[in-house]
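Comments concern the structure below.
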There are 2 protein chains.
Amino acid sequence: MTATIQDVAKAAGVSVGTVSRAMNNYPDISAKTRERILEVAKELQYRPNLVAKSLSSKHSRNIALILSGFLEDVMFNDFETMLMKGCYQFAIEHDLEISMHVINTRIQEEKSYEQLCYEHNIAGAVIFGLKNTDPYFKSLEESRKPCVTIDVEVSGENVSNVTNDHVAAFEELTQYLIDQGHRNIALVCGRKNAAVTAQRMEGAVNAMHRNGLELPKEYIIYTNFLKEEASAGVAEFIREHGKEGVTAFLCMSDMLAVGTIEALKGAGRRVPEDYSVVGYDGIYVTEYTDPKITTVDQNIKDKGYEAAHLLYDMIEGIRPAQDLILPHKLEIRGSVKKVDA
Amino acid sequence: MTATIQDVAKAAGVSVGTVSRAMNNYPDISAKTRERILEVAKELQYRPNLVAKSLSSKHSRNIALILSGFLEDVMFNDFETMLMKGCYQFAIEHDLEISMHVINTRIQEEKSYEQLCYEHNIAGAVIFGLKNTDPYFKSLEESRKPCVTIDVEVSGENVSNVTNDHVAAFEELTQYLIDQGHRNIALVCGRKNAAVTAQRMEGAVNAMHRNGLELPKEYIIYTNFLKEEASAGVAEFIREHGKEGVTAFLCMSDMLAVGTIEALKGAGRRVPEDYSVVGYDGIYVTEYTDPKITTVDQNIKDKGYEAAHLLYDMIEGIRPAQDLILPHKLEIRGSVKKVDA
DNA sequence: CAGTTTCCCGAAAACGTTTTTGAAAATGTG
DNA sequence: CACATTTTCAAAAACGTTTTCGGGAAACTG
């Protein structure tokens, strides 16, 4: 099979401990023997077994990316993938091992977060997709293993949160619509009791009130963040309220925007000529629709990178647990038309 | 910390070996002691350390998903993600551990596939995104660790390949266009020396010849599978050949179809009224464009599932290395118009 | 040059499991 | 009841590393 540390030791005429010291750049070894061992190691194409390393070593360079609901949600491939890319980017740059774990409710009930870490000798994790109904949501609070959640507020000694200022971002997005002259705006909402929904709602209402506008209850269309529900909701909306002068649809996600545009086109309306539509998230689909969708880019890849970064710093004791708010960016594409106020 | 097997052994008044036997359902243990041990284990919330398990155990339940070029290619989030989902699906169903490794050229030069397996105690891997210029492309041939490649033909004792019949599929797609009355068809091609390009080209030409049609060299637009290149190429094409009666664009990927449609719309043409367009792959974007793109669905999630399945069977000695050709499916959406022949 | 310090490195314990070996206990057989 | 067989389990080796401990050699000190 492949050479082990024993083989290298024998070939170099030293003890295994010395080989270990040579491989890991420890100080207490003479330059000469280190050279020789490194040479022999290269000769034998020796690669340390990371499993043994992980078992033996006190401090681990393994971090995890934990995904909840990965197999259930079929729609959002872009989000998780960009997040992964960000994490892997950081891991590669800092020579970390990263392992991915998809968890569902059953798995969460079976083993705690700490147990999962223990199972795999993991120093900490970036956790994505956690719902407030997930068992981990509560139990993380008392975790002794550090972790970083994405876009979900969990309090706890060892838990950080990386997110955007969704309130401000949505406020900005709403303000943009208003600046373009829109006064009667319908809101295509996400899941009623989701945290993100509440934040975005707050942003929308803030912007409207600041401009002396109201958001009538009838102008709120609730969905579960599903495109089809947005389509159905919007179709019904224009049947019932089509004559009331609404000029824009403010959607809580890009997917909802896609559904909204579909419904509008299905009803023979043009976007943005007849109705303006904006989305939220910045997933890559927004560039491929017609028209391209004006949205707020959360830059999820950076989020992944910064989450891994923060996790690493927590593990190393460089930074304490904290909330990190990353910048967002209004991406103006083609789905909004300026109207006369 | 968390309870180890020692703790369980002590609490149950037996040796660690016995605990191991109880946990793994070995036969040589009395039902009574097994019961008792399992109870104690649950009591202590014992979870075996998988790292130690992997190190100690002869046969491993760890498989890997190896992704080449994951961080480089920014465009195709859908493909890798669906593949992952398929693999994880199988892994969860069969209680396997799965680890994901992103490799680039540097990493491939640094360590061989076998070394990578050895490092992580991996029994075998599903490999995706391998280019014929990748170092692993050749070295896999002699690997003693089983592996399954996706959509790339590598010969070798222990390497399987899961793919679609791209020639037949593309032939079918082309035939569909012809059946709809199209006679003058332009081909939006992928990277010139890629294996997939050659296969699809073959399929296209087969179908055309069978119907007594020709594919003029000027009607072939080469790209590197990039949307922008397709846009540019098609824009130029209709400037130069717009008057020659071409009615359809046959694209080697969905992304190219998106680029093609973009260019056509940019030039004031309608799809499918003025030009029909078809894509290939079945990524989810095809459902979100306007019009929705008629394409061939490769069902990449199944591919991932079946690849993991085959890998598992190879490891267990149930199936030998082999090539697996999965069914594809023509997905008729809205980007093709019937014309009078 | 004797005593101290520093530098190297070998030996062995440790990480948490599985697996092999062998022996005691239980059961079966005639 | 003596012997053979089977069942059950304890003890210890093994997996491939890291890390601790300690000691001899070399290098300083006065």
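Only heavy atoms go into these numbers, but all of them, side chains included; no hydrogens, no water, no symmetry mates. Keep in mind it's a predicted model, so treat the numbers as computed, not measured. Order of the sequence lines sets the chain letters (A, B, ...), proteins ahead of strands, with each chain counted from 1.
Protein atom CD1 of B:Ile29 is 14 Å distant from nucleotide atom P of C:dT19, rounded to whole Å. Across the protein-nucleic acid pair, B:Lys32 atom NZ and D:dC9 atom C1' stand 13 Å apart, rounded to whole Å.
Within 4.0 Å of B:Ser54, counting heavy atoms only, lies no atom of the nucleic acid at all. Counting non-hydrogen atoms under 4.0 angstrom, B:Val51 reaches nothing in the nucleic acid.
At the phosphate of D:dC9, OP1 or OP2 sits under 4.0 Å from a side-chain N or O atom of B:Ser30.
Scanning all heavy atoms of the two residues, the minimum distance from A:Tyr113 to A:Cys147 falls at OH-CB, 3.2 Å. Here the closest non-hydrogen pair linking A:Pro320 and A:Ser160 is O-OG, 4.4 Å.
Put simply, the side chain of B:Arg144 never gets that close to the backbone of B:Glu114: no donor and acceptor are under 3.5 Å apart. B:Arg61 places a side-chain N or O within donor-acceptor distance of the main-chain N or O of B:Asp95, the cut-off being under 3.5 Å.
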Task: Protein-to-nucleotide contact annotation, 5' to 3' order, nucleotides 14-28 of chain D [B base; S sugar-phosphate only; - none; under 4.0 Å, heavy atom] - done: -BBBBBB--------
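A cation-pi arrangement, defined by a distance under 6.0 Å to the six-membered ring centre and an angle within 45 degrees of its axis, is absent between A:Lys131 and A:Phe137.
Between the side chains of B:Gln115 and B:Glu119, no donor N or O sits under 3.5 Å from an acceptor N or O.
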